[in-house]
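What follows is one structure encoded as structure tokens, with my remarks underneath.
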Amino acid sequence: MKTRKNFLDWVGLLPYAAVEEINQPKFFNIHEREYVYKVLDQVMTANPNVKAFVRDYGNLEDQRYQIMDTHMADESRTIAQINAAIRFCSKSEREQRQGNFIVNPELSDFLVQSNFLWDGIGGSYPEMAQTHYLCIPSFLPLAPKELCLTDLRSLLLDIMAYRETFNYDEFLSLVADAMALPKQELDEGFLEFVSNQVLYYRTLLPIN
């Protein structure tokens, strides 16, 4: 999970936190819940001036685990969605542009909020920003897929509750208007964005 890696990158910037003392494989293991919270407590104890950051990150973990605990994935439905996504992505680009979609109706159940941007740390502390993530669970014992809703992906927040079928051109026009860009200029990169949402995250479900 990218946010856990970024959290450890940030911990490495702190004056009194020894990242090398953290068992990283254990920290990245989604099933080692108690260990993750133990590390958060240790970081706060050693660096009390950064409690706001650690508590915010801890809230992200709380919500991620709540999604995992409460969401019962329907295996047959998930497999059907994956098969539909594979069929869509195996089509030519022309055929993909003729596709129809619906927003995954479960997306709002997978939404996580944060007051800091844990999607990218670099060499500084996390940026203070109201941020949303999607933590999309699997029916397999794996960590949820994680998507930070910034930049173009933030449009998913605007259409999350949309329950009508829409086609590729309608979606492209909506995004082009929002970004004040010509459709032709946006088209190629946008098709890749749509394909990624269909195949990797299943935020958009192809219906033909």
Side-chain angles (χ1 to χ4, degrees), residues 1-3 6 60 63-64 67-68 70-120 127 129-140 142-208:
M1 291 169 289
K2 187 175 180 181
T3 51
N6 291 341
L60 192 156
Q63 294 182 72
R64 190 198 330 265
I67 289 170
M68 292 178 62
T70 59
H71 181 73
M72 299 295 292
D74 185 317
E75 181 176 344
S76 60
R77 183 174 58 187
T78 301
I79 291 174
Q81 290 175 355
I82 292 171
N83 288 336
I86 292 171
R87 287 194 300 271
F88 172 81
C89 291
S90 68
K91 294 179 179 179
S92 68
E93 290 188 357
R94 181 185 64 82
E95 291 174 315
Q96 289 179 12
R97 287 183 172 91
Q98 295 172 349
N100 294 302
F101 310 89
I102 191 166
V103 178
N104 187 330
E106 295 181 300
L107 282 193
S108 59
D109 298 331
F110 305 150
L111 197 62
V112 173
Q113 298 183 54
S114 174
N115 292 316
F116 294 93
L117 183 59
W118 294 101
D119 189 54
E127 175 187 348
Q130 289 288 331
T131 311
H132 293 82
Y133 299 86
L134 284 174
C135 291
I136 304 170
S138 170
F139 64 89
L140 299 172
L142 302 171
K145 289 185 178 179
E146 186 180 84
L147 184 65
C148 183
L149 300 185
T150 56
D151 303 322
L152 182 59
R153 297 185 298 271
S154 65
L155 288 166
L156 292 172
L157 287 169
D158 296 328
I159 65 170
M160 193 169 286
Y162 191 65
R163 292 292 173 260
E164 302 299 324
T165 300
F166 56 91
N167 61 41
Y168 175 82
D169 191 64
E170 289 171 334
F171 196 20
L172 176 64
S173 296
L174 171 69
V175 176
D177 290 345
M179 299 180 68
L181 289 173
K183 288 172 59 175
Q184 296 83 352
E185 181 179 333
L186 184 63
D187 184 33
E188 184 174 347
F190 188 67
L191 182 61
E192 181 180 358
F193 167 78
V194 169
S195 298
N196 286 338
Q197 296 307 310
V198 166
L199 184 60
Y200 296 116
Y201 301 106
R202 301 198 316 280
T203 56
L204 304 177
L205 305 177
I207 61 171
N208 61 355

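Counting begins at 1 with the first residue of the sequence. This is a predicted model, so every value here is computed, not measured.
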Do the rings of Phe190 and Tyr168 sit parallel, tilted or perpendicular, given the 30° and 60° boundaries? tilted

According to side chain to side chain donor-acceptor pair (under 3.5 Å), who are the partners of Ser76, at least two apart in sequence or on a separate chain? Asp74

Counting only heavy atoms not in Tyr162, do more than 12 fall under 6.0 Å of its OH? yes

Are side-chain heavy atoms of Met179 and Glu185 found at a separation under 4.5 Å? no

Sequence neighbours left out, what passes side-chain contact (heavy atoms from CB on, under 4.5 Å) with Ala129? Give chain and number order. Glu127, Thr131

Exam field: side chain Arg202 to backbone Ile82, donor-acceptor pair closer than 3.5 Å: no

Applying side-chain contact (heavy atoms from CB on, under 4.5 Å), name anything that partners Leu111, two or more places apart in sequence or on another chain. His132, Leu134, Leu149, Leu157, Met160

Examine the side chains of Glu75 and Thr78 and answer whether a donor and an acceptor come within less than 3.5 Å of each other. no

Would you say Tyr200's side chain and Ser195's backbone share a donor-acceptor pair under 3.5 angstrom? no

I'd like to know if the side chain of Glu95 reaches the main chain of Ser92, judged simply by a donor and an acceptor atom lying under 3.5 Å from each other, with no hydrogens or angles considered. yes

Does the side chain of Leu191 reach to within under 4.5 Å of the side chain of Glu93, using non-hydrogen atoms? yes

Can any side-chain N or O of Asp151 pair as donor or acceptor with the backbone N or O of Arg153 at less than 3.5 Å? no

For Cys135 and Ile67, work out which heavy atoms get closest and say how close. O-CG2, 3.7 Å

Taking only residues two or more places apart in sequence, or in another chain, which ones meet His71 in a ring pair (Phe, Tyr, Trp, His ring centres under 6.0 Å)? Phe110

If I compare all heavy atoms of Gln96 with all of Cys89, which pair ends up nearest, and what's the gap? NE2-O, 3.4 Å

Any chance you could measure Arg94, atom CZ, to Gln98, atom CD, to the nearest 0.5 Å? 5.0 Å

Side chains of Arg97 and Leu172 in contact at under 4.5 Å (non-hydrogen atoms): no

Under the 3.5 angstrom rule, does the side chain of Gln113 hit a backbone N or O of Gln130 as a donor-acceptor pair? no

For Glu170, which residues count as a side chain to side chain donor-acceptor pair (under 3.5 Å) partner, sequence neighbours excluded? none

Excluding sequence neighbours, so at least two apart, what forms side-chain contact (heavy atoms from CB on, under 4.5 Å) with Thr165? Asn100, Ile207

Contact between Pro105 and Leu205 at the side-chain level, heavy atoms closer than 4.5 Å - yes or no? yes

Are the side chains of Asn167 and Phe101 in contact, using a 4.5 Å heavy-atom criterion? no

Just wondering, do Ile136 and Glu146 contact through their side chains at under 4.5 Å, heavy atoms? no

Test side-chain contact (heavy atoms from CB on, under 4.5 Å) applied to Leu204 and Ile159, step by step: CA-CA 10 Å; Leu204 304 177; Ile159 65 170; 4.2 Å; yes

Distance only, no hydrogens: is a donor on one side chain within 3.5 Å (strictly under) of an acceptor on the other, for Lys145 and Ser138? no

